[in-house]
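Shown next, in structure tokens, is the structure this report addresses.
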Amino acid sequence: MLECQVLPNNFTYPFVLKACAGIGDLNLGKSVHGSLLKFGFDGNNHVLNTLVHMYCSCKGGIQIGRKLFDEMTKNDSVPWSAMIGGYVRLGRSNDAVDLFRQMQIQGVCPDEITMVAVLCACTDLGALELGRWVESLIEKRKLNKSVELNNALIDMFAKCGDVDKALKLFRTMNERSIVSWTSVIVGLAMHGRGLQAVSLFQEMIRDGVEPDGVVFIGLLSACSHSGFVEKGKEYFDLMRKEFAILPKIEHYGCMVDMLCRAGHVREAVEFVQKMPIEPNSIVWRTLVNACRTHSELKLGENLAKQLIQNEPTLEANYVLLSNIYAKMSHWEEKTKTREVMDKKGMRKIPGSTMIELNNKIYRFVAGDMSHNQFKEIFEMVDEMGREMKRAGYVPSTSEVMLDIDEEDKEDNLNRHSEKLAIAFALMNTPPGTPIRIVKNLRVCNDCHSATKFISKIYNREIIARDRSRFHHFKDGLCSCKDFW
DNA sequence: TTAGGGTTAG
């Protein structure tokens, strides 16, 4: 277009900019922006909106997008939706929510598209209170409940811990797309409700909905999280034979995960060796992690070394190897691995736990002393430790990946971010109310066992979302039945 | 007659 003789006009630009956004090409987008200025631009808001969207959809462009956004007049929801959606895509969900609050303050009415973006931010943060507030706004404003908006609500409720509400919503929808089915199946999978996920999939087929590759990922992950190894294998075959969907690396990855979780590590290795497509590093990491949890340590060490050779710049690989050495009590080699990481300037992502209280989100890291109440929190954690021990809890000090004595290891465990967050919640919420926490990593063995005790001692339901699934703790038991 | 949106293993 830039080289043609016909002058582009304000009707042409949105199409072209949208295309740039679609392929995420910042340079191309910038050159279109340049031509727009060159040919004269009358400040048409449709074009400005698309410019904001384009910059917010391209890697490295969000700052320019924000600058344009700040400078333009914003009387309707469109630029706000574009900007909020941009933050969500970048994983800056807190910024997305802040901007939404700003929009409220400025009195601009959100529409259903804004709400979809805000709900995505809630989903990412695991912020159920906030999500419920957004739902109430949707009702209050009587916004059009499009399929997309309902899907975003289903996904939010499922991933923020209220999967029953997600199911209820799904049942009330008059019109459903494959995404609606997938959202609810994935949600059930995350909560370990594999039987329900499988039966919903069967219902979907009976209803004549054509499955796609994505819904099979949800289905296989449901089988994986519930330990349905044979069923998972059947569905994996069915994909190709019945529905002519060629399994992709993600599907193979689900199968490896499923075998690993069930403890069939050797079978998983054979499966990977026989795969018709090249396994990716995610598949290898799944295997190495399983070698650690199921004590196939020598095999895990070899695979992890191989991974480091293939991807020497990825810190996750070094963390895996280091954790395997810790479990082997090979402290010297563990230290060496850490030193290599230090030299390369790599740092492990710190584990953190988030909790929502009175419309505020609090984030804790291990040994966190940045909170106003940190002294009280530490005292509470110590008290919890004493109560738990009285009830029969034994700290699993083998979880502590440090070469220090047992007593220090216990202290270290007690300062884990989830214990701090739970202590904070016990102190600041009325007795008997459920506690919801969101972790950025997978919950460790010790915190898993401790949280079971806490749920019984303090008579609280504790709902924890970790990186891979939900754990509902109640009366000293967890919904995952220790299968995770 | 042009602008912003939903699902994906570890």
Side-chain angles (χ1 to χ4, degrees), chain A residues 8-18 21 44-54 56-57 65 69 72 74 76-86 88-89 110-121 123 143-156 158-159 166 170 173 176-187 189-190 211-225 232 236 247-258 260-261 279-290 316 320 441-442 466-469 484:
Chain A
N9 60 23
N10 281 335
F11 299 123
T12 340
Y13 281 111
F15 284 109
V16 185
L17 289 168
K18 205 173 168 179
N44 181 317
N45 245 25
H46 287 160
V47 180
L48 262 176
N49 291 335
T50 333
L51 267 173
V52 171
H53 175 234
M54 182 276 291
C56 290
S57 302
F69 173 84
M72 70 192 283
K74 301 173 282 285
D76 68 32
S77 62
V78 180
W80 293 90
S81 303
M83 199 64 230
I84 293 170
V88 173
R89 275 191 298 277
D111 63 9
E112 74 262 26
I113 297 178
T114 325
M115 292 313 202
V116 168
V118 180
L119 285 169
C120 288
T123 308
L143 295 182
N144 169 34
K145 288 269 203 81
S146 62
V147 180
E148 290 88 345
L149 183 57
N150 271 322
N151 292 346
L153 278 166
I154 289 175
D155 195 44
M156 183 278 292
K159 290 190 182 146
F170 175 79
M173 283 171 76
R176 296 170 186 150
S177 67
I178 182 75
V179 178
S180 327
W181 290 93
T182 307
S183 301
V184 78
I185 288 171
V186 167
M190 284 184 80
D212 63 6
V214 182
V215 75
F216 269 103
I217 292 174
L219 182 65
L220 293 175
S221 113
C223 293
S224 176
H225 285 289
F236 185 72
K248 293 204 289 194
I249 189 68
E250 293 92 329
H251 303 99
Y252 285 96
C254 287
M255 294 304 284
V256 173
D257 182 52
M258 189 180 77
C260 286
R261 270 181 213 266
N280 60 10
S281 57
I282 299 171
V283 169
W284 288 118
R285 273 196 288 279
T286 306
L287 268 181
V288 176
N289 200 33
L320 276 174
L441 304 174
R442 280 182 75 171
D466 77 6
R467 218 177 127 118
S468 83
R469 62 166 298 154
W484 45 294

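Please read these numbers as outputs of a predicted model, since none were measured by experiment. Quick note on labels: first sequence line is chain A, next is B, and so on, each numbered from 1.
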Notebook entry, point to check: When we call it a touch if two heavy atoms are under 4.0 Å apart, what does A:V184 touch: a base, just sugar-phosphate, or nothing?
Noted result: nothing
Note to self: Measuring to OP1 and OP2 of B:dT2, would you say a side-chain N or O of A:K18 lies under 4.0 angstrom away?
What the structure shows: no
Next item on the list: Provide, to the nearest angstrom, the distance between the CE atom belonging to A:M115 and the P atom belonging to B:dG6.
Entry: 15 Å
Notebook entry, point to check: How is A:C56 classified with respect to the nucleic acid when contacts are heavy atoms under 4.0 Å: base, sugar-phosphate, or nothing?
Noted result: nothing
Item checked: Any A:H53 side-chain N or O less than 4.0 Å from OP1/OP2 of B:dG5 -> yes
Next item on the list: Identify whether any heavy atom of A:D111 sits under 4.0 Å from a base atom; if not, whether one sits that close to sugar-phosphate; answer base, sugar-phosphate or nothing.
Entry: base
Notebook entry, point to check: Could you give the CZ-to-C1' distance, from A:R176 to B:dT7, as a whole number of Å?
Noted result: 15 Å
Margin query: What's A:K248 touching, base or sugar-phosphate or nothing? Going by heavy atoms closer than 4.0 Å.
Written below: nothing
Item checked: Side-chain heavy atoms of A:V184 within contact of A:S180, under 4.5 Å -> no
Note to self: Measure CE/A:M190 against C1'/B:dT8 and give the value in whole Å, please.
What the structure shows: 12 Å
Notebook entry, point to check: Within the distance-only criterion (no hydrogens, no angle test), does the side chain of A:D111 pair as donor or acceptor with the backbone N or O of A:T114 below 3.5 angstrom?
Noted result: yes
Next item on the list: Calculate the interatomic distance between A:H46 atom NE2 and B:dA3 atom C1'; express it in whole Å.
Entry: 6 Å
Check: Is the shortest side-chain N/O distance from A:K74 to OP1 or OP2 of B:dA3 below 4.0 Å?
Finding: no
Next item on the list: Check every strand shown and say whether A:I249 touches a base, only sugar-phosphate, or nothing at a heavy-atom separation below 4.0 Å.
Entry: base
Next item on the list: Would you kindly give the CG-to-P distance between A:D76 and B:dT2, to the nearest whole Å?
Entry: 14 Å
Next item on the list: May I ask you to test the A:C254-A:I217 pair for a side-chain heavy-atom distance under 4.5 Å?
Entry: yes
Notebook entry, point to check: With respect to the phosphate group of B:dA9, does any side-chain polar atom (N or O) of A:R469 fall under 4.0 Å of OP1 or OP2?
Noted result: no
Notebook entry, point to check: A:F236 and A:Y252: aromatic ring centres closer than 6.0 Å?
Noted result: yes
Check: If you look at every strand shown and take non-hydrogen atoms under 4.0 Å, does A:R89 touch a base, only sugar-phosphate, or nothing?
Finding: sugar-phosphate
Next item on the list: Could you tell me whether a side-chain N or O of A:K74 sits under 3.5 Å from a main-chain N or O of A:F69, the two making a donor and an acceptor?
Entry: yes
Check: For A:T114, which contact category applies under a 4.0 Å heavy-atom criterion: base, sugar-phosphate, or nothing?
Finding: base
